[in-house]
Amino acid sequence: MRRFAMLPLMLCLIVLSACQNEAFDIEATSINVYENQLGSGTGKLQFTIKDQDTINDLLADLRRARTNDVSNVDMASPDFYLDFIHDEEVVLTVGYYSEPMDGARYLYKNNLYKVTTEIK
């Protein structure tokens, strides 16, 4: 009987671990914020975020966020692109919308992440 007592706990752990967004399991020491020019993903550097608490909080929010697939949706390009930097190397690039769209600001690989955290 005791063998089966751990089964619900194990199932919960498996389900919760599957809900995390693995792309955001990274370490970053800064985030460069670039203005998007004509949807090209390149643009002028606007500012850099170096506060480690801010970076870690944003990554944690993105890891546990719900997503919407937008691969078949006609929508505007992100206003900005965020380059997550670790050891002077870009480890991840994410689109950012100034105004949330259905509770989402962040775009990565055709998925909108239901996170409204603003970058400043």
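Values below: every heavy atom of this structure, side chains too, minus hydrogens, waters and symmetry copies.
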N/O donor-acceptor pair under 3.5 Å between N111 side chain and T67 backbone: no
From T29 atom OG1 to I49 atom CD1, the distance as rounded to the nearest 0.5 Å: 12.0 Å
Transitive ILVMFWY side-chain link L107 to V91, under 4.5 Å: no
Mutual orientation of the aromatic rings belonging to Y113 and Y108 [parallel < 30°, tilted 30-60°, perpendicular > 60°]: tilted
Flag if over 12 foreign heavy atoms under 6.0 Å of CG, D102: no
E118 side chain vs T116 backbone, donor-acceptor pair below 3.5 Å: no
Side chain D69, main chain S71, donor-acceptor under 3.5 Å: yes
For Y97 against A76, the heavy-atom pair lying closest together: OH-O, 2.7 Å
Minimum heavy-atom distance between L59 and A28, given as atom pair plus value: CD1-CB, 4.4 Å
Euclidean distance, Y96 OH relative to I31 CD1, rounded to 0.5 Å: 11.0 Å
Q52, CD atom: more than 12 neighbouring heavy atoms under 6.0 Å: yes
Close side-chain approach of D79 to E99, heavy-atom, < 4.5 Å: no
Interatomic distance, F24 atom CZ to L62 atom CG [nearest 0.5 angstrom]: 4.5 Å
In one Ile/Leu/Val/Met/Phe/Trp/Tyr side-chain cluster, 4.5 Å: F47, Y106: yes
Connected via hydrophobic side-chain network under 4.5 Å: L92 and I85: no
Atom pair CG/OH of L82 and Y34 - distance to nearest 0.5 Å: 11.0 Å
Y81 reachable from M101 in the ILVMFWY side-chain graph, under 4.5 Å edges: no
For the student: nearest non-hydrogen atoms of N36 and P78, plus distance: ND2-O, 2.6 Å
Non-hydrogen atoms of K114 and N68 that approach each other most closely: CE-ND2, 3.1 Å
Closest contact, heavy atoms only, V115 versus A65: CG2-CB, 3.4 Å
Salt bridge (Lys or Arg N to Asp or Glu O under 4.0 Å) against D51, all qualifying residues, sequence neighbours excluded: none
Verify same cluster id: L112, I119 (apolar side-chain graph, 4.5 Å): no
From CD (E27) to CG (N56), nearest 0.5 Å: 9.0 Å
Separation of R105 CZ from T117 OG1 (nearest 0.5 Å): 8.5 Å
